[in-house]
Amino acid sequence: MESHELEALEAVTTRPVHPYRTLTVDRLTPVLGAEISGVDLSEELGAEQLEEIHTAFRDHHVIVFRDQKITAEDHKRFAATFGELRLTNPPPPEGDPHVLEIRTSPAASYVAGDGWHADGTADAEPSLGSMLYITEIPEPGCGGDTLFANMHLAYEMLSPAMRSLLDPLTAVHDGALALAGYTPPEDYVIPKSEHPLIARHPETDRKLLYVNSVYTSRIPQLSEQESRAVLDMLFAMVARRPLLHCRVRWAPNTLVFWDNRCVQHHASYDYYPYTRYGQRVAVNGGPVKG
Ligand code: SIN
């Protein structure tokens, strides 16, 4: 590993750990994700416990709760403690417009989220975070994990020269790229937005890499060929560096909340011909901060 990469890893892995009073927090990897126990999401949470959960979310970016028996109302109540609930777009043909069903039927040819991305980055104001509650998993031991990657660390592990090149640039995020054969309703307006390529987390001001292979189409300040080469290099780094990642292995009744502002995720479709089912509620974010 190069010295600047080691330095970045060292800084992340030696950061101070918060003490918690009302819950237990166990890290998934030294750089990303934590499993939280001692919380019952079917109940309204007390102020102190809620504050500790929000602290764990800020510190670990992906938080996992096991063995939760919750209703859609419990799910939405917990999500709403992080901000305004996001409407699904396009809206579902029926049912609650805040709840997106994540369903894999037997022998599906494609599943939602099977590529490295953050949710909603083609929107002018992308999602703050997504909260997925999985109730049915493929046969035990048959896959369906979700991978996550830390975009703060992805930025910090770049060489100083590459960081200086990328710092002032923007990138176009185009919803058309993500349709991948899916035909949206006729009145669906395909979102497209330009965001800083290197963004800052709105709560911590820490810098992060803000491009993803599902939505990002172009760096407008570079030539077509340069833009393609830089984006492909960045996408490959996110996909091929397990040091940036953590993995959630689902069990029925697991709820995971991830920060779309600084984490990318990838649903692994490695469980043909089995099924998987869950419901996702998301929280609105604001404009991407440069
Ligand atoms: C998604 O929100 O991209 C789906 C994630 C998953 O199904 O694991």
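As the structure lists them, so they are numbered: ligands from 1, and atoms in each ligand from 1.
Remark: Arg163 is positioned above the aromatic ring of Tyr155, its terminal NZ or CZ atom under 6.0 angstrom from the ring centre and at most 45 degrees off the axis.
Under the side chain to side chain contact (heavy atoms under 4.5 Å, CB included) criterion, Thr14 pairs with Glu10, not counting sequence neighbours. Arg66 meets the side chain to side chain donor-acceptor pair (under 3.5 Å) test with Glu35, Thr254; sequence neighbours excluded.
Salt bridge annotation for Asp123-Arg86: present, with a cationic side-chain nitrogen under 4.0 angstrom from a carboxylate oxygen.
A salt bridge (Lys or Arg N to Asp or Glu O under 4.0 Å) check over residues 176-188, counting only residues at least two apart or in different chains, returns nothing.
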Run the side-chain contact (heavy atoms from CB on, under 4.5 Å) check on Tyr210 and Thr216 step by step: do they pass? CA-CA 9 Å; Tyr210 201 74; Thr216 312; over 6 Å; no
Per-pair distances, ligand 1 N/O vs protein N/O, less than 3.5 Å:
residue, atom, partner, partner atom, Å
ligand 1, 2 (O), His265, NE2, 3.4
ligand 1, 2 (O), Arg280, NH1, 2.7
ligand 1, 3 (O), His117, NE2, 3.2
ligand 1, 3 (O), His265, NE2, 2.9
ligand 1, 7 (O), Arg276, NH1, 2.8
ligand 1, 7 (O), Arg276, NH2, 3.4
ligand 1, 8 (O), Thr146, OG1, 2.5
ligand 1, 8 (O), Arg276, NH2, 2.8

